[in-house]
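Every chain is numbered from 1 and lettered A, B, ... according to where its sequence line falls, protein lines coming before strand lines.
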Amino acid sequence: MSVLNSKVPTGPIKDKWTKHKNDINLVNPANKRLIDVIVVGTGLAGGAASASLAEMGYNVKSFAYQDSPRRAHSIAAQGGINAAKNYQNDGDSVYRLFYDTVKGGDYRSREANVYRLAEVSANIIDQCVAQGVPFGREYGGLLANRSFGGVLVSRTFYAKGQTGQQLLLGAYAAMNRQIGKGKIKMYNRHEMLELVVVDGKARGIIARDMVTGEIERHSAHAVVIASGGYGNVFYLSTNAMGSNVTAAWRIHKKGAFFANPCYTQIHPTCIPRSGDYQSKLTLMSESLRNDGRIWVPKNIEDVEGIRTGKIKPKDLSEDQRDYYLERRYPAFGNLVPRDVASRAAKERCDAGYGVNATGEAVFLDFASAIQRYGKERAYVQGHKNPTQEEITRLGEQVIEEKYGNLFQMYEKITADNPYKTPMMIYPAVHYTMGGIWVDYNLMTTIPGCYCAGEANFSDHGANRLGASALMQGLADGYFVLPYTIGDFLADEIRTGEIPTNLPEFDEAEKEVKDRIEKLMNIKGSKSVDHFHKELGKVMWNNCGMSRNEAGLKDAIVKIKAIREEFWKDVRIPGTANELNPELEKAMRLVDFLELGELFAVDALHRKESCGGHFREESVELDGEQKGEAKRDDVNFKYVAAWEWTGNPSEAKLNKEELEFNDIELKQRSYK
Amino acid sequence: MSDKGMNLTLKIWRQKDSKSKGKMETYKLSDISEHMSFLEMLDVLNEQLINEGQEPVAFDHDCREGICGMCSLYINGEAHGPDRGITTCQLHMRMFNDGDTIVIEPWRAAAFPVTKDLIVDRSAMDRIQQAGGFISVNTSGNTQDANAIPINKSDADKSFDAAACIGCGACVATCKNASAMLFVSAKISQFALLPQGQVEAKERVDNMVKQMDLEGFGNCTNTGACEAECPKGISLENIARMNREFIKSAVLKDK
Ligand SMILES: Cc1cc2nc3c(=O)[nH]c(=O)nc-3n(C[C@H](O)[C@H](O)[C@H](O)COP(=O)(O)OP(=O)(O)OC[C@H]3O[C@@H](n4cnc5c(N)ncnc54)[C@H](O)[C@@H]3O)c2cc1C
Ligand code: SF4
Ligand code: FES
């Protein structure tokens, strides 16, 4: 028997959540006032959880490292949020959303969790509309939808290219209402640096006030970690500069298992990097693949011309172009899932067909969509014989309405006008499916410590489908956690306030202070960024889009070496008792340097290819799927939940076997 | 694409903390690529300062893609710098020339005290939102179906345009009166344009305006500078709408 108990309720999958909600312990409203909950993070998951828990009557303390809860990185999500509303009448249903998400995740997620997610998805949209989230609408006044990769229905709700912003502002508004009532105490510019465990239960955190440098103790009856993803272990990613693994890693070191760290999503459509000074990568939303066609030149001779600017992309006729996704995957075309699209771009670029100076870029072209939409709109407006100019103008207008801000963003960064010339894109690290292991209640292996949103491992298996992270974050925060946390807190009504002078608080605070002092005293010669970039290079080259045994072993050795070097030679100017961005970065890198190693260990042990995890040793050798990733259900149909034992390479592997009762296990095919 | 390196002189506001006095310091940078973003240029400066054993310049930033509203620099006398419709993190060095002197200051406003160097405290904006920037609906999930009330597309679009505000504070920093009217009116408009926002419309405008005044933001004298510098194109129409809402609320109260 595994030590992991997923606590999935019994019974048919479609009744599990309802049954569970009925069976779960409740805390009576008067008693909720006696209970404190800490929420680390104010993104969709943490913001929604904070607001909901406070509405229910708990005393909530919320933490964010930014200067306002509204700036959590959920704000940057562009494309949309899925929900099984079937407003388009295209055959969507809870089951289909569930099925697509499990299949999209390459059968490496827990069925019951995904089903619940699909089940509550429709409520999310109702809730957000009631909060005043201005989703995109049709002329008839009803909500509009678009399609995202890996599915054949149109179920994605959006607010132009700023869906995450609008959803987060909804959660932020719900938080504000509770902050105004005194039910949430908000700690901005505070970074959680340690978890406090008392008698085996999570009872508080140690946080640093980033303005004064003061180390503070905060107690509660339960702690929720909703600190987002750890893509910045690669240094360059689409995450915010401050996105980090610290909160998650610290609870891991205190007993929470870390699941599937190697499952990373490399997003196919990002703006290619331009130089060594590059500090982050910018996503161009997947929604663009609704209308953009991806291609490279068919003939290698044309590539040189394109790179040097002698040939313009427009000069190449249709038959001189290779729309490689449409060629390889006729059924899904440009809308194959992200992992598939990314690998296909890498395959073309590795073969020498990359279209920019670095050789790492492909085209995303809107010319046909502009023509198609232009004709449609001209027709609707009664121009039966529009001129070419007219068509282009109207077509560009439609594209502007759909993706205006993305096109503007692209132009500001690259100085190219994507209405006139195709965008250049390349895959970049974007999302981490791996994260803290949680049971059906979203509780970690530490009693009283919960984990929600991107920080946990649940729901997306080995590859996340577009528009499903926003859905998960809000589902966790609005609709799941507020119920499931009651199961634990029901036993806490007589506990009374947790004092912060317990020896466990002393100890945790000392750990943090020692860590800071040690860092400040190194007084070495190289900046934090120097080491972070070194780590990023190893991660990208050895643990990126394609992985193999030798490369992963090499990564483990190299990451250890960088870590040792860091602890000997990092230079952090200033002092610890003031606002000190270099110290903040160093504290985060300390944890990335350990996580990176566990990441490689996990990738090494998983000898199959699944979702975003592609092992060169595991590909189909013949048949229709030749060259595609090969999953190994006989040996790897489990969640790898790693237990900290003192150093990342010696982490203990615990397995949660995955059972598929409601979906037939199949090799994914998008052909 | 020529990748000629630029040589620049930077004059930057340095201030140890909210209590200390600050002053401008001058730094030289060479070989800056025109493809760099403005903040990457500051990264290069900071790397240089760290290597020289000096303290790097503290500035706010996070998403670096123009959406979180964290970055906030006053560059050569303009909030978010010389380009239009963008935030500082989206500003690129191709907007500058070799040999330029660039003056970089924090947002200046009584309601935005300097925390350190180029970082200011914008928590006043959060407090205005806490006073009423929401619709009072619990997150039970038991609300009515999202399509139960159709909303005409033009209102929905206008509501969205107002909701696009990123809360950066450039409007305040730009305004000679340090008024927060554009910011506050954007939130009020977002809700005023939606049926869901009607119920509390009066209380909302009253409470938010009251908090705005309490925080020490100045009055609006219709100079329009805020609209010109707003990275998200928030329109002055929102201020007009908010004034209408405010008057409506005052009239109704008299009854
Ligand atoms: C550019 C981009 C576009 C995306 N587009 C989409 C999309 O269209 N659809 C979709 O479904 N998904 C999208 N995603 C994914 C999705 O946005 C994220 O997975 C999701 O928003 C994460 O939400 P979260 O609440 O888990 O974390 P976040 O929003 O990242 O919030 C993390 C919070 O934790 C806090 N925090 C972190 N560490 C600490 C610490 N140590 N101490 C205190 N506080 C801490 C932060 O301050 C922040 O408040 C996108 C992601 C990116 C990067
Ligand atoms: S109105 Fe414009 S300038 Fe003012 S805070 Fe909002 S986005 Fe920034
Ligand atoms: S850093 Fe987020 S808007 Fe500039």
Side-chain angles (χ1 to χ4, degrees), chain A residues 48 51-52 55 66-68 70-71 73 75-76 87 120 123 125-127 129-132 134 137-143 159-160 162 165-166 169 173-174 176-177 179-180 188 211 240-242 274-275 277-280 282 408-409 412-413 415 478-479 527 529 571 573-574 578-579 581-582, chain B residues 17 33 35-36 39-40 43-44 47 50-51 53-56 58 60-70 85-86 90 92 94 115-116 119 122-123 125-126 129-131 133-139 141 143-147 150-153 156 159-160 163-164 167 190-191 194 196-197:
Chain A
S52 308
E55 279 169 14
Q66 295 94 342
D67 69 336
S68 163
R70 68 178 293 157
R71 308 205 201 282
H73 199 50
I75 201 91
Y87 283 157
V120 302
N123 280 351
I125 305 303
D126 300 342
Q127 181 67 43
V129 167
Q131 285 171 346
R137 288 180 183 266
E138 307 287 358
Y139 281 98
L142 301 180
L143 294 164
K160 278 206 180 156
Q162 286 119 285
Q165 179 197 28
Q166 295 311 319
L169 292 181
N176 281 334
R177 182 167 158 242
I179 295 173
N188 293 315
V211 175
M241 301 302 288
S274 71
Y277 48 78
Q278 190 104 22
S279 59
K280 78 153 275 162
T282 303
Q408 185 220 24
M409 195 194 278
K412 289 294 176 188
I413 293 175
Y478 283 143
F479 303 133
S527 70
D529 281 356
R571 171 186 287 180
E578 61 179 332
L579 193 152
E582 290 300 310
Chain B
D17 52 37
S33 157
H35 301 303
M36 272 184 203
L39 295 185
E40 283 166 349
D43 291 343
V44 172
E47 184 78 21
I50 293 167
N51 289 335
Q54 301 188 54
E55 268 209 53
D60 260 334
H61 64 109
D62 201 28
C63 73
R64 293 207 178 186
E65 51 184 77
I67 192 75
C68 72
M70 192 105 179
I86 54 155
Q90 294 173 295
H92 275 69
R94 61 180 84 89
T115 305
K116 180 173 186 170
I119 297 180
R122 286 170 287 189
S123 51
M125 299 175 92
D126 278 338
Q129 304 276 13
Q130 288 154 17
F134 46 78
I135 290 174
S136 297
V137 53
N138 275 357
T139 61
T143 47
Q144 62 182 339
D145 184 82
N147 262 347
I151 301 176
N152 119 13
K153 181 166 163 57
S159 172
F160 171 85
Q190 176 195 344
F191 292 141
L194 298 173
Q196 291 84 356

Backbone N/O of [Y] and side chain of [X]: donor-acceptor pair under 3.5 Å:
X	Y	value
A:Gln278	A:Ser274	yes
B:Gln130	A:Ile179	no
B:Glu47	A:Ser527	no
A:Arg70	A:Leu169	no
B:Asp126	A:Ser68	no
A:Lys280	A:Ala240	no
B:Asn147	A:Leu143	yes

Check whether [X] gets within reach of chain B through its side chain, its backbone, both or neither, counting any heavy atom under 4.5 Å.
X	value
A:Glu138	backbone
A:Phe479	side chain
A:Ala415	both
A:Glu582	side chain
A:Gln131	both

Go through [options] and name the one with the most non-hydrogen pairs under 4.5 angstrom from chain A.
options	answer
B:Ser159, B:Gly167, B:Gly66, B:Ala156	B:Gly167
B:Thr143, B:Asn138, B:Ile50	B:Asn138
B:Asn152, B:Asp145, B:Ile135, B:Thr115	B:Asp145
B:Gly69, B:Gly133, B:Gly197	B:Gly69
B:Ala146, B:Ala58, B:Cys68	B:Ala146
B:Met70, B:Gln90, B:Glu55	B:Met70

Please flag which part of [X] lies under 4.5 Å from any non-hydrogen atom of chain A: side chain, backbone, both or neither.
X	value
B:Asp17	neither
B:Leu194	side chain
B:Phe160	both
B:Ala164	both

Test side chain to side chain contact (heavy atoms under 4.5 Å, CB included) on A:Arg177 and B:Ser136 and set out the steps. CA-CA 7 Å; A:Arg177 182 167 158 242; B:Ser136 297; 3.5 Å; yes

Is there a donor-acceptor contact under 3.5 Å linking the side chains of A:Asn176 and B:Gln129? no

Taken to the nearest 0.5 Å, the spacing of A:Ile75 CD1 from B:Glu65 CD works out to 11.0 Å

A:Asp67 and B:Ile119, any side-chain heavy atoms less than 4.5 Å apart: no

Do you know which of A:Pro134, A:Ala173, A:Gly132 has the most heavy-atom pairs with chain B at a distance under 4.5 angstrom? A:Pro134

Closest-packed option against chain B by number of heavy-atom pairs under 4.5 Å, given A:Ile125, A:Leu579, A:Val120, A:Val211: A:Leu579

